[in-house]
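Here is the structure we will look at.
As the structure is a computational prediction, the values presented were derived from the model and not from experiment. Every heavy atom of this structure was used, including side-chain atoms; hydrogens, water molecules and symmetry mates were not.
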Amino acid sequence: MVGPGPTAPTTVAGLDVAYAEDGDRLAAAVTVLDVRTLRVVDSAVVTGRPAFDYVPGLFAFRELPALLDALDRLTNPPDLLVCDGHGLAHPRRFGLACHLGVLTGLPAIGVGKTPLVGTWDPPGERRGSWSPLVDGTEVVGRVLRTQDGVKPVFVSVGHRMGLENACALVLALAPSYRLPETTRTADRLCRAALAGRT
DNA sequence: GCGACAG
DNA sequence: ATCTTGTCGC
C-alpha cells in the first residue's frame with residue numbers, strides 16, 4: 001500500500017488554456033486547491049504557441065505540451081487533476097483527461113461543458129441530479145447538474161478514479177457555480193496571463 | 001459518401 | 001477557444 005489513496009484527495013488541480021484572438025499564442029494554467037476549503041494553495045502558468053491546430057478528437061495534442069509544462073512548475077504535485085475537456089467520453093475513449101492522467105501518473109477526471117460523443121436523457125433540474133452518458137453500448141460518463149436549473153456538465157473518468165467518485169468530487173468542487181472552482185480559478189489565471197499582468 | 005465534432 | 005448587446009435577477 002502506498003499513500004492515502006485516490007478516493008481521499010487533499011489537493012486537487014484545475015487545468016485550463018486560453019487563446020489569443022488570432023490563435024498564435026496561448027496561456028496554460030494550473031491552480032491547486034485545498035479540496036476542503038477550496039482555497040488556491042499553489043499555481044503555475046506558462047505562455048506559448050499551440051502545438052497543433054484544433055481538431056476535434058485530437059484536442060489533447062494541442063494543449064498537452066503547455067499543460068505539462070505548467071504542471072512541472074508547481075511547488076508540489078496535487079493529488080488529482082480536474083481537466084477542462086473529456087476523459088473516457090471520447091471517440092477513441094481517450095480524451096485529454098486520460099492523456100494527462102497517464103503522463104503524470106495522477107488520478108484525473110474530465111469535466112466538459114459540451115458533449116463530444118454520446119446520448120443522454122435530461123437529468124433532473126436539481127443540483128446533484130444526473131443521467132448516464134451513453135455511446136453505443138457503453139456508459140462513458142455522466143451528465144451532471146451542478147446547480148439547480150443550470151445547464152449540466154459532462155463528467156467522465158480520466159485515470160485511476162471511478163465515475164461515482166468523480167461526480168461526487170465535482171459536486172464538492174462546485175458549491176456555488178456551474179463549473180468546479182478548479183476550472184474557474186485556472187480559467188481566470190490563464191486569461192490574466194494572456195492579457196499581460198501576472 | 002457526408003456531416004458532426006471537447007477547447 | 002474567441003467575437004459580441006442587452007437583459008434578467010440577486
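- Each of A:V82, A:V45, A:D187 was checked for a side chain to side chain contact (heavy atoms under 4.5 Å, CB included) with A:D16, and the lone residue meeting it is A:D187.
- Seen from the ring of A:Y177, A:R184 counts as a face-on cation partner, given the 6.0 Å and 45° thresholds.
- Nucleic acid contact for A:A18: sugar-phosphate only, since backbone atoms but no base atoms lie under 4.0 Å from a heavy atom of the residue.
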When you look at A:K113 and A:D84, which way does the salt bridge (charged side-chain N to carboxylate O under 4.0 Å, His left out) test go after all the steps? CA-CA 8 Å; A:K113 295 182 286 295; A:D84 195 41; 3.1 Å; yes
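- Atoms CG and CZ, on A:L81 and A:R160 in that order, are 10.0 Å from each other to the nearest 0.5 Å.
- If you check every strand for non-hydrogen atoms under 4.0 Å, A:R25 touches nothing.
- Across all their heavy atoms, A:L133 and A:W120 have their closest contact at CD1-CE3, 3.6 Å.
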What string of B, S and - do you get for nucleotides 3-10 of chain C, 5' to 3', when a contact is any protein heavy atom under 4.0 Å? S-------
Trace of the side-chain hydrogen bond (donor to acceptor under 3.5 Å, both in side chains) decision for A:Y54 with A:E63: CA-CA 9 Å; A:Y54 172 66; A:E63 301 196 339; over 6 Å; no
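- The line from OG1 of A:T183 to CZ of A:R188 is 9.5 Å long, rounded to the nearest 0.5 Å.
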What does the B/S/- profile of nucleotides 1-7 of chain B look like, 5' to 3', with a 4.0 Å heavy-atom cutoff to protein? ----BBB
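- Ring to ring, A:F59 and A:H90 are not that close: their centroids are 6.0 angstrom or more apart.
- Of the inter-residue distances, the one linking A:L179 atom CG with A:K151 atom NZ reads 9.5 Å to the nearest 0.5 angstrom.
- Closest heavy-atom contact between A:L144 and A:G128: CD1-O, 3.9 Å.
- Counting only Watson-Crick and G-U wobble pairs whose two distances sit under 3.5 Å, DNA chain C takes part in no stem of three or more pairs.
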